[in-house]
Amino acid sequence: MNVYDVVRLIPKGRVTSYGAIAKYLGAPRSSRMVGWAMNASHNLTDVPAHRVVNRNGLLTGKMHFSDPNEMEDRLKREGVEIKDDKVLDFNRVYWDPSIELKV
DNA sequence: CCATTGACTTAAG
DNA sequence: CCTTAAGCCAATG
């Protein structure tokens, strides 16, 4: 199991945080590495990096997309409301793998 | 090998 | 959820 696998498992219209993924992978303190790993995920096509935001629901990585607007646009298309580069009603759309994917 | 940097998190105010 | 400070881990210079 790696970062990309978890990201791929994120349901449509839901988002999660780097820390949550890191935690699920057994490295709760390696949230930055998750983000770093995502940076390398540009080569992969089926990795919905736009569904991964920081713990505040802020679209921190939007600028790393080919087009920054694409991230929030995709999320909006999935039913996630975005305002000021942040996910509205975050606690509702938040999808924690360590809970939802719980063994 | 040491220093800097970063798609981050947590704690305290 | 806003701000500031400190911690973390890996890649890069």
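In what follows, every chain begins at residue 1, and chains take the letters A, B, ... in the order their sequences are listed.
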Partners passing side-chain hydrogen bond (donor to acceptor under 3.5 Å, both in side chains) against E78(A) (at least two apart in sequence or in another chain)
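side-chain hydrogen bond (donor to acceptor under 3.5 Å, both in side chains) list for E78(A), sorted by chain: H50(A), R51(A).
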Could you tell me which residues satisfy side-chain hydrogen bond (donor to acceptor under 3.5 Å, both in side chains) with D85(A), sequence neighbours excluded, listed by chain and number?
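Checked D85(A) against side-chain hydrogen bond (donor to acceptor under 3.5 Å, both in side chains); matches are K62(A).
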Once you apply a heavy-atom cut-off of 4.0 Å, does H50(A) come out as touching a base, just sugar-phosphate, or nothing?
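No contact.
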According to ring-ring contact (aromatic ring centres under 6.0 Å, His included), who are the partners of Y4(A), at least two apart in sequence or on a separate chain?
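By the ring-ring contact (aromatic ring centres under 6.0 Å, His included) rule, Y4(A) matches no residue at all.
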Under 3.5 Å, side chain of N56(A) to main-chain N/O of L58(A), donor-acceptor pair present?
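No, because the side chain of N56(A) does not come within donor-acceptor range (under 3.5 Å) of the backbone of L58(A).
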Do [X] and [Y] have side-chain heavy atoms sitting under 4.5 Å apart?
X      : Y      : answer
K86(A) : L59(A) : no
L25(A) : V6(A)  : yes
I21(A) : T16(A) : yes

Quick one: side-chain hydrogen bond (donor to acceptor under 3.5 Å, both in side chains) pairs with a partner in residues 87-96 of chain A, sequence neighbours left out?
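For residues 87-96 of chain A, and leaving out neighbouring residues, the side-chain hydrogen bond (donor to acceptor under 3.5 Å, both in side chains) pairs sorted by first residue read S17(A)-Y94(A), D89(A)-R92(A), D96(A)-S98(A).
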What residue pairs, at least two apart or across chains, pass side-chain hydrogen bond (donor to acceptor under 3.5 Å, both in side chains) with a residue in residues 23-43 of chain A?
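Applying side-chain hydrogen bond (donor to acceptor under 3.5 Å, both in side chains) to every pair that reaches into residues 23-43 of chain A, excluding sequence neighbours, yields nothing.
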For DNA chain B, determine which residues of residues 75-95 of chain A have any heavy atom closer than 4.0 angstrom to one of its atoms, and list them numerically.
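None, since no heavy atom is under 4.0 Å.
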Within residues 11-32 of chain A, residues whose heavy atoms come under 4.0 Å of DNA chain C
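Close to the strand are R29(A), S30(A), R32(A).
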DNA chain C contacts among residues 51-63 of chain A, heavy-atom distance under 4.0 Å
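Under 4.0 Å from DNA chain C: no residue of residues 51-63 of chain A.
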Where does the chain A footprint on DNA chain B start and end, counting 5' to 3' with a 4.0 Å heavy-atom cut-off?
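On DNA chain B, the outermost contacted nucleotides are dG6(B) to dT10(B).
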Run the salt bridge (Lys or Arg N to Asp or Glu O under 4.0 Å) test against E70(A) and tell me which residues pass, sequence neighbours left out.
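With neighbours one apart ignored, the set is R74(A).
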Residues two or more places apart in sequence or in another chain: which of them pass salt bridge (Lys or Arg N to Asp or Glu O under 4.0 Å) with D73(A)?
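If we apply the salt bridge (Lys or Arg N to Asp or Glu O under 4.0 Å) test to D73(A), skipping adjacent residues, the hits are R77(A).
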Not counting sequence neighbours, which residues clear side-chain contact (heavy atoms from CB on, under 4.5 Å) with K83(A)? List them please.
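K83(A) satisfies side-chain contact (heavy atoms from CB on, under 4.5 Å) with L88(A) only.
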